[in-house]
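Everything on this sheet refers to the single structure shown next.
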Amino acid sequence: MTRRTLLIGAGAGVLGVILSSCTPEPAPTPTPTRTPTPKPTGAAISPSAFARSAWTTDQYSLGAASFTPAGTQQSARDALATPVDDRLFFAGEATDTDAPGTIDAALRSGDRVADEVIGVADEGERIAVVGAGLAGAAATSRLVAAGHEVMVFEARDRVGGRIHSVVDDERWPVPAQLGGWLLSPDDTEMAALLARLDIRSSEVGSALWRSADGDVEPVSAEPVQAAIAAGQEQPTDVALADTLAEAGVDLEDPGIVALLAAVTASAGSDPDEASTWFPPVAQPVDLRAPLGDLGVVFDDLLDGAKVGLSSPVSRVAYDEAGVSLGMATGESLSFDRVVITVPLGVLQGTGLQFAPALPFSHRGAIAELGMGRIETVWMRFDESPFAATSAAAAEEGDASADQTDADADADADADADASPTVWHVVGGDALIRTWFDLTPATGENIVVGVVGGAAAEEFAGLDDQQALDAAIGSLAPFLAVP
Ligand SMILES: Cc1cc2nc3c(=O)[nH]c(=O)nc-3n(C[C@H](O)[C@H](O)[C@H](O)COP(=O)(O)OP(=O)(O)OC[C@H]3O[C@@H](n4cnc5c(N)ncnc54)[C@H](O)[C@@H]3O)c2cc1C
């Protein structure tokens, strides 16, 4: 089944198609992330393709990934995940306690919520799913398999939510991933989906740390990990930045700044807001980078369901008899139960109202948890403007080299020469300090910048030309002519 046949009614009167009641057509809502074509920079370094995200300001995410602020318990996530009157069911990465803010979490939450619904629903009940991201798609897959009639409402004009593969063969030899894409070894469910759907991925290889003065020693995460371990023994939870300062970690040191920028780019929370008891991962290892269209995953999971695109839900009314969904267009539709998978940022906003209001425990959890900011920029160059080569990076070696060697027999992709390389920008005033060089894995000059926390918020506020200038400026230590 192709995506076109699956997504009936994309901006074309989906409700009228699906339901017997005649309803006005939902207005199409263009997806806010985009692939602009800015002008060449003043520095005369000009990518042949450029794509950037702005999840922080995107009204259907209002952030990138949930995080646990200092002083907040993970039990807030359990509270958020608790069904209300067996009518409202909650999923999404923010409801997961094991690895919130990740692909793994979203998938697991979708599986969990489907089991909860199946446990109470009678045969043939009509179930609505709000949101066609990974959690909504995973839930839908299970509910359809269990024989329920499932209708998915997605506000955007595409499925995938915070996973967004930009497929454009002319500009991108591999799809540009503007949202979540990197997998850790714990992402077994997603890894199995990629394998089944024949989506290629590559192990992320060695790291190169570079300042304006040249290569610097790789920065060890060990002092950060040791400080976190000590902080977790304390009677109260404090912000990660305080824990690190207390342990003598110099937060002004350029190497530590680059290391923490990478941590923030992965978690979305700055060290002065993140919890020490439930901290971000200090140095992810054994990451894999999918190099194919992740949209295929959604086609697969949503197969058999009715999916309405450009169909934002603005109101959820519920009582012991059922649920009524109010659409942004003014119409309302009745279901037996609803699975709500919208991001935490949306729940924290005013775009989705509940009648009656959610229980205090849910509202408390929504207010307590934090929505992190992560932004991404992809650039492809016809001619490489970079001084660094992946071969040089591989020779440098780093902590991940052992992992690569250990996996070499089992994994054909583990050849360091063919693996994307991580670049860390040390010192200076770079806005984006964490980069992935995909050249070894793609044969094309493609670099991907990832930025988190307050810097991501700043990046999201830039126009496309400013974003391009910030990206090129951040890469100065790696350019052949800085
Ligand atoms: C830039 C970036 C980088 C990331 N990097 C990684 C990474 O490398 N590895 C990793 O594991 N994770 C990463 N993540 C996190 C990961 O992408 C998310 O945890 C995951 O995709 C969330 O899935 P979800 O289904 O919970 O939410 P979503 O994907 O956000 O799905 C929710 C859906 O609800 C829809 N919606 C919102 N409001 C409404 C409404 N009113 N009515 C109807 N529909 C609505 C949204 O449009 C969306 O499609 C990253 C995220 C971002 C943004």
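In listed order, ligands and their atoms are each counted from 1. For this chain, numbers begin at 1 and follow the sequence in order.
- Of all the atoms in ligand 1, the ones that sit under 4.0 Å from a non-hydrogen atom of F153 are 43 (C), 44 (N).
- Two rings, from F153 and F335, have their centers less than 6.0 Å apart.
- The closest protein non-hydrogen atom to atom 19 (O) of ligand 1 is T102 O, 3.1 Å.
- Interface atoms of ligand 1 facing L134, defined by a heavy-atom separation under 4.0 Å, are 25 (O).
- Compare R315, R162, Q177 by their heavy atoms: the one nearest to atom 29 (O) of ligand 1 is in R162.
- A donor-acceptor distance shorter than 3.5 angstrom exists from the side chain of R158 to the backbone of G161, with no hydrogens or angles considered.
- Any N or O atom pair closer than 3.5 Å counts here, and V346 shares no such pair with ligand 1.
- In terms of polar-atom proximity, A155 is counted as a contact of ligand 1, with an N or O under 3.5 Å from an N or O of the ligand.
- Taking every non-hydrogen atom of G160 and a distance limit under 4.0 Å, the qualifying atoms of ligand 1 come out as 29 (O).
- For S314, the closest heavy-atom approach to ligand 1 does not fall below 4.0 Å.
- In summary, E125 and R337 engage in a salt bridge, as defined by a charged side-chain N under 4.0 Å from a carboxylate O.
- Interface of V313 with ligand 1, defined as ligand atoms under 4.0 Å from a residue heavy atom, comprises 40 (C), 41 (N), 42 (N), 43 (C).
- Note: L183 CG to L193 CG = 10.0 Å, rounded to the nearest 0.5 Å.
- Between Q74 and D78, every side-chain heavy-atom pair lies at or beyond the 4.5 Å cut-off.
- In the vicinity of G161, heavy-atom distances shorter than 4.0 Å reach the ligand 1 atoms 29 (O), 48 (C), 49 (O).
- In terms of protein heavy atoms, atom 2 (C) of ligand 1 is closest to G179 C, 3.6 Å.
- For ligand 1, none of its N or O atoms has an N or O atom of W55 under 3.5 Å away.
- Considering backbone and side-chain N/O of G136, none are found under 3.5 Å from N/O of ligand 1.
- Shown in contact with A106 at under 4.0 Å from a heavy atom are these atoms of ligand 1, numbered in order with element: 22 (C), 23 (O), 24 (P), 26 (O).
- Scanning all protein heavy atoms for the shortest distance to atom 25 (O) of ligand 1 gives A135 N, 2.8 Å.
- Closest heavy-atom approach to atom 8 (O) of ligand 1 among the candidates I103, L182, I340: L182.
- Contacts of Y60 with ligand 1, taken as heavy-atom pairs under 4.0 Å, involve both backbone and side chain.
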Would you tabulate the side-chain donor-acceptor contacts of residues 127-138 under 3.5 Å, counting partners in other chains and residues two or more places apart, or write 'none'?
none

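- Checked by distance only, ligand 1 and E375 stay at 3.5 Å or farther apart across all their nitrogen or oxygen atoms.
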Using side chain to side chain contact (heavy atoms under 4.5 Å, CB included), reason through T56 and M371 one step at a time and then give a plain yes or no. CA-CA 9 Å; T56 307; M371 194 59 178; over 6 Å; no
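- Within the 4.5 Å cutoff, no side-chain heavy atoms of L80 are placed close to those of T82.
- In this structure, R156 fails the cation-pi test against Y60, since its NZ or CZ atom is not both closer than 6.0 Å to the six-membered ring centre and inside 45 degrees of the ring normal.
- Looking at atom 36 (N) of ligand 1, its nearest protein heavy atom turns out to be V342 CG1, 3.9 Å.
- The nearest protein atom to atom 15 (C) of ligand 1, hydrogens excluded, is given as G101 O, 3.3 Å; this is a heavy-atom distance.
- Note on ligand 1: A105 sits outside its first shell, no heavy atom being nearer than 4.0 Å.
- Distance check, rounded to the nearest 0.5 Å: NE2 of H424 to CZ of F478 gives 8.5 Å.
- Heavy-atom separations between S53 and ligand 1 are all 4.0 Å or longer.
- Regarding atom 49 (O) of ligand 1, its nearest protein heavy-atom neighbour is E154 OE1, 2.6 Å.
- Protein heavy atom closest to atom 34 (O) of ligand 1, with residue, atom name and distance, is G131 CA, 3.3 Å.
- If you take CZ on F459 and OG on S474, they are separated by 8.5 Å, rounding to the nearest 0.5 Å.
- Contacts with ligand 1 closer than 4.0 Å are made by backbone heavy atoms (N, CA, C, O) of L178 only, the side chain lying farther away.
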For a quick test of your reading: what N or O donor-acceptor pairs under 3.5 Å do the side chains of residues 83-95 make, sequence neighbours left out?
unit_1	atom_1	unit_2	atom_2	d
R87	NE	E320	O	3.2
R87	NH1	D336	O	2.8
R87	NH2	E320	O	2.8
E93	OE1	S66	OG	2.7
E93	OE1	G101	N	2.8
E93	OE2	S66	N	3.0
E93	OE2	R162	NH1	2.8
T95	OG1	G92	O	2.7
T95	OG1	R112	NH2	2.8

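- Looking at ligand 1, you won't find any N or O of A64 less than 3.5 Å from one of its N or O atoms.
- At a 4.0 Å heavy-atom cut-off, ligand 1 touches T376 through the side chain alone.
- Remark: distances from the non-hydrogen atoms of T341 to ligand 1 include one below 4.0 Å.
- Near G92, meaning under 4.0 Å from any of its heavy atoms, are these atoms of ligand 1: 26 (O).
- A heavy-atom separation below 4.0 Å is found between P312 and ligand 1.
- Residues V166 and L178 form a side-chain contact, since some pair of their non-hydrogen atoms from C-beta on lies under 4.5 Å apart.
- For the residues G133, G180, A54, the heavy atom positioned nearest atom 14 (N) of ligand 1 is part of G180.
- For atom 26 (O) of ligand 1, the nearest protein heavy atom (residue, atom name, distance) is E93 N, 2.9 Å.
- Of the residues listed (E368, Q73, E273, R77), the one engaging T68 in a side-chain hydrogen bond (donor to acceptor under 3.5 Å, both in side chains) is R77, and it is the only one.
- Looking at ligand 1, you won't find any N or O of D187 less than 3.5 Å from one of its N or O atoms.
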